[in-house]
Amino acid sequence: IRQLGHIYLSGGGAQSGLWRMIISGVLNCELFCPATSEAGGMGAARLAMSAVGLQTAPWPRKGEQVIAHECETAIYQKLFARYEKIYDALRQIED
């Protein structure tokens, strides 16, 4: 599994502390919840501007930082490995 450096999390799921910790643990990365509630729209506009060659605005200011506990991340990684095995087995049945 490739580890991400950090990601921004916004929207409805970002409102739950438990959900933020779960996502950080599953992805094994640091999360930032932007200080603005409009970060999703701002990010989409920034990506669109970049795609057509326009100069982009700065990213939204970083708000809360979330880092999952190592023991939780280890559990999620084991569960994800199990999921991958099951997924591969089911895919073989489908083929």
Side-chain angles (χ1 to χ4, degrees):
I1 298 173
R2 190 177 138 229
Q3 183 176 353
L4 303 170
H6 68 271
I7 62 172
Y8 284 83
L9 180 68
S10 66
Q15 305 305 311
S16 167
L18 174 62
W19 189 239
R20 291 190 300 260
M21 289 299 285
I22 290 171
I23 292 172
S24 176
V26 168
L27 298 176
N28 192 20
C29 71
E30 183 177 27
L31 295 181
F32 291 99
C33 298
T36 177
S37 62
E38 301 300 323
M42 289 173 61
R46 189 176 192 283
L47 290 172
M49 291 172 67
S50 177
V52 296
L54 297 175
Q55 184 177 2
T56 60
W59 285 104
R61 186 170 53 87
K62 290 180 182 177
E64 179 188 0
Q65 177 185 19
V66 179
I67 302 173
H69 302 285
E70 288 181 29
C71 61
E72 292 172 349
T73 300
I75 292 168
Y76 287 128
Q77 297 304 308
K78 287 179 185 177
L79 291 172
F80 186 71
R82 186 179 301 168
Y83 161 80
E84 285 183 312
K85 287 180 183 177
I86 293 169
Y87 181 83
D88 287 340
L90 291 173
R91 222 170 71 190
Q92 289 175 9
I93 293 171
E94 194 174 279
D95 291 342

Quick one: pull up [atom1] in [X] and [atom2] in [Y] and give me the separation to the nearest 0.5 Å.
X   : Y   : atom1 : atom2 : result
S10 : F32 : OG    : CZ    : 14.0 Å
T73 : F80 : OG1   : CZ    : 13.5 Å
I23 : L9  : CD1   : CG    : 5.0 Å
E70 : E72 : CD    : CD    : 11.0 Å
I22 : L31 : CD1   : CG    : 11.5 Å
D88 : I93 : CG    : CD1   : 11.5 Å

Decide whether [X] and [Y] are clustered together by the hydrophobic rule: side chain heavy atoms of Ile, Leu, Val, Met, Phe, Trp, Tyr closer than 4.5 Å, transitively.
X   : Y   : answer
Y76 : W19 : yes
L54 : L47 : no
M21 : I7  : yes
I86 : L79 : no

Practice item. Check whether any side-chain N or O of Q77 sits under 3.5 Å from a backbone N or O of V26 as a donor-acceptor pair, and report yes or no. Key: yes
Review point. Nearest heavy-atom pair of S24 and A68: which atoms, and what distance?
Key: OG-N, 3.0 Å
